[in-house]
> 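Quick one: the structure is below, questions incoming.
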Number of protein chains: 2
Amino acid sequence: MAKADTPSPEELMKLDNFLCFAIYSANHAFTRVYKPLLDELDLTYPQYLVMVALWEKDDQTVGSLGEKLFLESSTLTPMLKRLEAMGYISRVRDRADERQVRVRLTETGQALKAKASAVPLGIAGATGMEPAEIGRLKQEIATLRASLLR
Amino acid sequence: MAKADTPSPEELMKLDNFLCFAIYSANHAFTRVYKPLLDELDLTYPQYLVMVALWEKDDQTVGSLGEKLFLESSTLTPMLKRLEAMGYISRVRDRADERQVRVRLTETGQALKAKASAVPLGIAGATGMEPAEIGRLKQEIATLRASLLR
DNA sequence: CAGATTTATATCGCACACGATTTAATAGCG
DNA sequence: CGCTATTAAATCGTGTGCGATATAAATCTG
């Protein structure tokens, strides 16, 4: 029979059969591949993601960055302070609503985008996948993420 | 033309088009879904992965666990000490080679496997995917990880 | 418009995660 | 055999991440 069996409990409990572990370890692998490239920019991998979000849309609140990156203020605030200390961004309370903090790129932060432009290609190369394939896999994982967060 | 275009640099620099970000955020999403289930077992998500590795094969060295989990001793040592303090594992220097530390499940640690047996099904449900589909996606990501670490 | 409620960030404590280094033990070699 | 090189864990410093809580500002309600 070519019917897809329900996996046995033993098979289910093997680490290498865990989708979550594949993602967990692939995430670490990405961090490692990014490291040498991001060292040039003096950025950590999460800091790079914040910069990408700001390059895409400047002048965002902490909350809006958090929504896009799926991060809490308790994670972002210290990160943003480091990026500010490095001179890449500024953090200013919104005049109209003092609860909010507006995060903006500095000149240096904007200029960094050019230096970072080579990064995506380097990463794409390391995946050993075609652009179309990367896009498809990315979409599948984004859908999975949405299911998990439902 | 139905030819697959090479993505423009602008498209490449959008966060939502990053495969790495999909994986990064899906990993966080998994952590969140696991949290309430693992709270019952008094385990964090990384601790759970260590326990899964030990349930699959007991009596491993720190190094062998590190290879399977893609983690360094600097990460594992403190984690294992916590699991030991909780009474789930024991850490003993190997008599034949005192450099190595053998990690073994305690009775309590073995017994925990039964309590944890419901977890994978709960997670699988949260993915909203069929077992076969989960397996395929898992394999694709494992292949990606291998490429990245090459 | 005063007091209660909600919202936006920040702070704190804890647990990863890693690179660089240290420590201790084994293996290799003349 | 003794000395060096290698190997396995542990330690240290830094940077995420998050839950719980605190703080302060805006909003809502009577």
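The sequence lines fix the lettering, A, B, ..., with proteins before strands; numbering per chain opens at 1.
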> If you compare every side-chain N and O of A:R32 against the phosphate oxygens of C:dA17 (OP1, OP2), does one of them come in below 4.0 Å?
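For C:dA17, neither OP1 nor OP2 has a side-chain N or O of A:R32 closer than 4.0 Å.
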> Please report, rounded to the nearest Å, how far the P atom of D:dG15 is from the CZ atom of A:R82.
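So the CZ-P distance, A:R82 to D:dG15, works out to 5 Å.
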> Rounded to whole Å, how long is the line connecting atom CG of A:L49 with atom P of D:dG17?
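These atoms are roughly 8 Å apart.
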> Under 4.0 Å between any heavy atoms, over every strand shown, what does B:T44 touch: base, sugar-phosphate, or nothing? Just pick one.
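It contacts sugar-phosphate atoms only.
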> Mind calculating the distance between CZ (B:R93) and P (C:dA25) to the nearest angstrom?
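Rounded to the whole Å, the gap is 8 Å.
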> If you find the nucleotide of DNA chain D closest to B:Y24 and the one closest to A:E98, which residue's nucleotide is nearer the 5' end?
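So the residue in question is B:Y24.
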> Flag the pair B:R99 and B:D97 as a salt bridge only when some basic side-chain nitrogen lies within less than 4.0 angstrom of an acidic carboxylate oxygen.
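Between B:D97 and B:R99 there is a salt bridge, with a charged N closer than 4.0 Å to a carboxylate O.
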> So what does A:T61 hit on the nucleic acid, given a heavy-atom distance under 4.0 Å: a base, only sugar-phosphate, or nothing?
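The residue A:T61 makes sugar-phosphate contact but no base contact.
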> For A:F70 and D:dT16, what is the distance between atoms CZ and C1' respectively, to the nearest whole Å?
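Distance check: A:F70 CZ to D:dT16 C1' gives 18 Å.
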> Using a 4.0 Å heavy-atom cut-off, does A:L71 contact any base of the nucleic acid, only the sugar-phosphate backbone, or nothing at all?
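Sugar-phosphate contact only - A:L71 comes under 4.0 Å of backbone atoms but never of a base.
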> Would you say a side-chain N or O of B:T75 is under 4.0 Å from OP1 or OP2 of C:dA17?
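So the side chain of B:T75 is outside the cut-off, no N or O lying under 4.0 Å from OP1 or OP2 of C:dA17.
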> Heavy-atom count around B:Q110 CD within 6.0 Å, excluding the residue itself: above 12?
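Buried by this count: over 12 neighbours within 6.0 Å.
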> Nearest whole angstrom, please: distance from the C1' of C:dA8 to the CD of A:Q100.
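Those two atoms, CD and C1', are 7 Å apart.
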> Would you say A:M13 and B:P120 make side-chain contact, with heavy atoms under 4.5 Å?
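Yes, their side chains come closer than 4.5 Å.
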> So, does B:W55 use its side chain to make a donor-acceptor pair with the main chain of B:G109 at under 3.5 Å?
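At least one qualifying donor-acceptor pair exists.
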> Measure CE/B:M79 against C1'/D:dA9 and give the value in whole Å, please.
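My rounded result for the distance is 15 Å.
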> What is the distance from NE2 of A:H28 to P of D:dG15, rounded to the nearest Å?
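Answer to the nearest Å: 18 Å.
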> With sugar-phosphate meaning primed atoms plus P, OP1 and OP2, does B:S74 contact a base, only sugar-phosphate, or nothing at under 4.0 Å between heavy atoms?
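Base: the residue B:S74, judged by heavy atoms under 4.0 Å, touches a nucleobase.
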> Given that B:Q47 and A:G63 both sit by DNA chain C, which one's nearest nucleotide is further toward the 5' end?
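It is A:G63, whose closest nucleotide lies nearer the 5' terminus.
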> Start at the 5' end of DNA chain C and walk down; is the nucleotide closest to B:R99 or to B:P78 reached first?
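Final value for this comparison: B:P78.
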> Linking I/L/V/M/F/W/Y whenever any side-chain heavy atoms sit under 4.5 Å apart, do B:M79 and B:V92 land together?
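Not linked; separate clusters.
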> Quick one: is C:dT9 close enough that its OP1 or OP2 comes under 4.0 Å of any side-chain N or O from A:K81?
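For C:dT9, OP1/OP2 do not have a side-chain N/O of A:K81 under 4.0 Å.
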> Remember a base hit wins even if backbone is also touched, and classify A:R102 as base, sugar-phosphate or nothing at under 4.0 Å, heavy atoms.
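If one applies the 4.0 Å heavy-atom cut-off, A:R102 turns out to touch nothing in the nucleic acid.
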> Assess whether one donor atom and one acceptor atom, taken from the side chain of A:S73 and the base of C:dA10, lie less than 3.5 Å apart.
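When only heavy-atom distances are counted, A:S73 does reach the base of C:dA10 through a donor-acceptor pair under 3.5 Å.
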> Whole angstrom is fine here: how far is it from CG in B:D39 over to C1' in D:dA20?
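Spelled out: CG on B:D39 to C1' on D:dA20 is 13 Å.
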> Does a side-chain N or O of B:K35 approach OP1 or OP2 of C:dA15 to a distance below 4.0 Å, or not?
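Result: no.
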